[in-house]
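We're numbering straight along the sequence, starting at 1. Counting starts at 1 for both ligands and their atoms, following the listed order.
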Amino acid sequence: MKKIAIIILLFSLASCQGQEKKKNKETEISQQPVKGKLNMNTTDAEWKKVLTEEQYEVLRQKATERPFTGEYYKNFEKGVYVCAACGNPLFTSDAKFDSPCGWPSFDQAIKGSVIYKEDKTLGMTRTEVMCANCGGHLGHVFDDGPEETTGNRFCTNSVSIKFIPSKK
Ligand SMILES: [Zn+2]
């Protein structure tokens with residue numbers, strides 16, 4: 001009886017590992033930067049095909065995800081955050097800080113990875129941050145970030161970015 005239990009345990013462990021490996025492989029494939037393929041010239045119809053409804057709303061229609069709901073606002077693992085639309089590397093985990101605002105917050109972007117635009121909607125003047133490769137809306141940058149570093153807070157939608165953990 002004990003032997004059977006052990007065999008079953010081994011089998012289930014083996015299948016767990018199998019699944020995990022498969023999962024990793026899939027993640028790696030989808031993590032391949034598709035820079036160049038999707039860019040500023042990509043049409044709305046094409047974006048609708050490659051993005052989820054939520055991603056389209058935020059990245060292309062400039063919607064904002066609800067605070068404290070995003071996938072990454074509490075993620076502090078080592079790695080790189082890339083554009084969820086085109087794979088352009090945007091932020092490193094070293095730039096991320098624990099902001100009480102409820103959105104993933106960074107004190108700086110990777111050089112040349114983002115572009116800025118004045119945003120006067122909602123009765124405010126803010127600086128919109130977009131992916132420099134595809135123009136996808138990421139969020140806004142404010143000057144209330146950590147004083148000991150840059151003082152900037154790149155307030156970013158989790159929907160707009162994708163985290164790639166560092167290889168251990
Ligand atoms: Zn992009």
- Environment of the Zn ion (ligand 1) in terms of protein N/O/S atoms, cut-off under 2.8 Å: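 For the Zn ion (ligand 1), the protein N, O and S atoms that sit under 2.8 Å away are C83 SG, C86 SG, C131 SG, C134 SG.
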
- Message: Quick one, D119 with T121, criterion side chain to side chain donor-acceptor pair (under 3.5 Å). Give me CA distance, side-chain angles, the key distance, then yes/no.
- Response: CA-CA 6 Å; D119 174 10; T121 58; 2.7 Å; yes

- Apply side chain to side chain contact (heavy atoms under 4.5 Å, CB included) to the pair Y72 and K162, showing each step before the final yes or no. CA-CA 9 Å; Y72 299 130; K162 189 175 165 110; 4.2 Å; yes

- Query: Has E148 got more than 12 heavy atoms of other residues, nucleotides or ligands less than 6.0 Å from its CD?
  - Reply: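 Enclosed.
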
- Message: Is it true that, when you exclude D44 itself, more than 12 heavy atoms of the residues, nucleotides or ligands shown sit nearer than 6.0 Å to its CG?
- Response: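 Yes, CG of D44 has more than 12 neighbouring heavy atoms, counting only those of other groups under 6.0 Å.
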
- Item | Reference residue L90; test side-chain contact (heavy atoms from CB on, under 4.5 Å); the match among I110, V80, V114 |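 In the set I110, V80, V114, the residue that makes a side-chain contact (heavy atoms from CB on, under 4.5 Å) with L90 is V114.
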
- Just say parallel, tilted or perpendicular for the rings of Y116 and F154, cut-offs at 30° and 60°.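 Y116 and F154: tilted rings.
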
